[in-house]
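Below is one structure, written out as structure tokens; the observations come after it.
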Amino acid sequence: MRLTVLGGCGVWPDAGQACSGYLVEHDGFRLLVDVGYATALRLLERITADQVDAVFISHGHPDHCADLNPLLRARALRDDPPAPLPVYALPGALDAVLALDRPGMLDAAYVLHEFTAGTHLDIGPFRAQTRPLPHFVPNAGVRLAAGGRVLAYTGDSGPSPDVVELARGADVLLAEATYLDQVPPDSRRYQSSACQAGRQAADADVGHLILTDLQPGTDPAAARCAARDGYGGPVDVAVADLLVDLP
């Protein structure tokens, strides 16, 4: 299994970067997990739009799904459009982004598979176990298993025992870490810090922690240092072009 980070900025894309978007590949199958602001550009530097085999969206905030629109346009408006793209999302999460164009314009470009968080999905070679995780809007964390390897991804989430269960024994945990250590009181149930991500990675006994969704302007070195207060394994920050081959 291979993970390529297209972007990992929270809220808006920092200069030269992109918001949440992750290309996960196994046995030639390309799964796009989240597709936030500016990720389509990063994606199309690597592959063509028709080479994406499926899309999984954790939740409906635009920094995680806005660039589904240009991806679908790149498939629908070409002279030889490919087969409809399977898109997996929570009910209603994509209503806004799918309404950006005139009615019906992109209908042939995708097949929407709405699921309830907690559902198990088979997406190509991936066995996807979803779990509801706390955020301001409904959010589905996902545990992707293929070829004996496991990648867990929180989407945007506050600290929760469910994050630990989702990530239990995973080779890689891709965890939201919007803040370094202190989360504002009004967000403590719905967003996490790098310190909290580190502690949860340790509790879950994951092999490799990747911090994502950092606020623009956050010092990556400071985020890694904060996570290492509670976690002794390798720590990276999700920035465009980070490539990880799951061992």
In residues 75-100, what donor-acceptor pairs under 3.5 Å come from side-chain atoms, sequence neighbours left out?
residue, atom, partner, partner atom, Å
Arg75, NH1, Ala49, O, 2.8
Arg75, NH1, Val52, O, 3.1
Arg75, NH2, Ala83, O, 2.9
Arg78, NE, Asp80, O, 3.3
Arg78, NE, Asp80, OD1, 2.9
Arg78, NH1, Asp50, OD1, 3.0
Arg78, NH2, Asp80, OD1, 3.2
Arg78, NH2, Asp80, OD2, 3.4

Q: Taking side-chain hydrogen bond (donor to acceptor under 3.5 Å, both in side chains) as the test, write out the residues that go with Asn139, two or more places apart.
A: His59
Q. Quick one: CG on Asp67 to OH on Tyr37, what's the gap to the nearest 0.5 Å?
A. 9.5 Å
Q. Any donor-acceptor pair under 3.5 Å linking the side chain of Gln129 with the backbone of Arg143?
A. no
Q) Once you round to the nearest 0.5 Å, how far does CD of Gln215 lie from CG of Asp14? A) 10.5 Å
Q | Separation of Leu71 CG from Leu32 CG (nearest 0.5 Å) | A | 6.5 Å
Q: Would you mind listing every ring pair (Phe, Tyr, Trp, His ring centres under 6.0 Å) that reaches into residues 228-247, with sequence neighbours excluded?
A: none
Q. When Leu180 is tested against each of Leu214, Thr218, Leu211 for side chain to side chain contact (heavy atoms under 4.5 Å, CB included), which residue passes?
A. Thr218
Q) Ignoring hydrogens and geometry, is there a side-chain-to-backbone donor-acceptor pair from Asp205 to Gly169 under 3.5 Å? A) no
Q.
Restricting to ring-ring contact (aromatic ring centres under 6.0 Å, His included), what partner residues turn up for Phe126, sequence neighbours left out?
A. none
Q. Tell me the side chain to side chain donor-acceptor pair (under 3.5 Å) pairs involving residues 1-12, sequence neighbours left out?
A. Arg2-Asp245
Q) Minimum heavy-atom separation for Thr212 to Ala238, with atom names? A) OG1-CB, 3.6 Å
Q: Each residue besides Val137 in its hydrophobic cluster should be listed here, by chain and number; the cluster joins Ile, Leu, Val, Met, Phe, Trp and Tyr at side-chain heavy-atom distances under 4.5 Å.
A: none
Q.
Let's go through Ser193 and Asp181 carefully: what are the C-alpha distance in whole Å and the side-chain angles of both, what is the deciding distance for side chain to side chain donor-acceptor pair (under 3.5 Å) to 0.1 Å, and is it a yes or a no?
A. CA-CA 5 Å; Ser193 68; Asp181 48 16; over 6 Å; no
Q.
Once salt bridge (charged side-chain N to carboxylate O under 4.0 Å, His left out) is applied, do any residues pair with Asp101, and if so which ones, sequence neighbours excluded?
A. Arg73
Q) Looking at CD of Glu25 and CG of Leu243, how far apart are the two atoms once the value is rounded to the nearest 0.5 Å? A) 8.0 Å
Q: Might you point out which heavy atoms bring Ala197 and Ala175 nearest each other, and give the distance in Å?
A: CB-CB, 4.1 Å
**Q.** Over all atoms of both residues, closest heavy-atom pair of Ser192 and Val183
**A.** C-CG2, 4.0 Å
Q. Can you check side-chain contact (heavy atoms from CB on, under 4.5 Å) on Ile57 and Val33, steps first, answer last?
A. CA-CA 6 Å; Ile57 301 293; Val33 177; over 6 Å; no
Q.
For Ala38, give me all partners under side chain to side chain contact (heavy atoms under 4.5 Å, CB included), at least two apart in sequence or on another chain.
A. Pro13, Ala18
Q. Counting N and O atoms only, with roles assigned by atom type, does the side chain of Gln51 sit under 3.5 Å from a partner on the main chain of Thr48, one being a donor and the other an acceptor?
A. yes
**Q.** Nearest heavy atoms of Cys19 and Thr39, plus distance in Å
**A.** O-CG2, 3.1 Å
Q | Short side-chain to backbone donor-acceptor contact, Glu176 and Thr178, under 3.5 Å | A | yes
Q: Decide yes or no on side-chain contact (heavy atoms from CB on, under 4.5 Å) for Val237 and Ile210, but give the supporting numbers first.
A: CA-CA 5 Å; Val237 171; Ile210 303 176; over 6 Å; no
Q.
Which heavy atom of Ala152 sits nearest to which heavy atom of Ala170, and what is that distance?
A. CB-CB, 4.2 Å
Q: Check the pair Leu144, Tyr153 against side-chain contact (heavy atoms from CB on, under 4.5 Å), reporting the backbone distance first and the verdict last.
A: CA-CA 8 Å; Leu144 296 170; Tyr153 171 52; over 6 Å; no
Q) With distance as the sole test, does Asp236 use its side chain to make a donor-acceptor pair with the main-chain N or O of Leu209 at under 3.5 Å? A) no
Q: Would you check if Leu43 and Leu41 make a side-chain contact, meaning some heavy-atom pair closer than 4.5 Å?
A: no
(Q) Checking Asp171 now: which residues fulfil side-chain hydrogen bond (donor to acceptor under 3.5 Å, both in side chains) with it, not counting sequence neighbours? (A) none
(Q) Quick check against the 3.5 Å criterion: does Asp63 have a side-chain atom that pairs as donor or acceptor with the backbone of Val11? (A) yes
Q. Do any pairs count as a side chain to side chain donor-acceptor pair (under 3.5 Å) and have a residue in residues 157-167, sequence neighbours left out, and if so which ones?
A. Arg131-Asp162, Glu165-Arg168
Q: Determine which pairs satisfy ring pair (Phe, Tyr, Trp, His ring centres under 6.0 Å) with at least one residue from residues 169-224, sequence neighbours left out, and list them in order.
A: Phe136-Tyr190
Q. With respect to Met1, which candidate in Val150, Leu31, Val24 satisfies the side chain to side chain contact (heavy atoms under 4.5 Å, CB included) definition?
A. Val24
Q: Give the intermediate values and the outcome of side-chain contact (heavy atoms from CB on, under 4.5 Å) for residues Asp213 and Ser20.
A: CA-CA 7 Å; Asp213 214 62; Ser20 288; 3.6 Å; yes
Q) Among Gln191, His64, His61, which one satisfies side-chain hydrogen bond (donor to acceptor under 3.5 Å, both in side chains) with Asp156? A) His64
Q | is_close_aromatic(Phe56, Tyr22), centroid dist under 6.0 Å | A | no
Q: Can you see which heavy atom on Gly118 is nearest to which on Thr130, and at what distance?
A: N-OG1, 3.0 Å
Q) Does a side-chain heavy-atom distance below 4.5 Å link Leu133 with Leu166? A) yes
(Q) Show me the pairs that pass salt bridge (Lys or Arg N to Asp or Glu O under 4.0 Å) and involve residues 105-114, at least two apart or across chains. (A) none
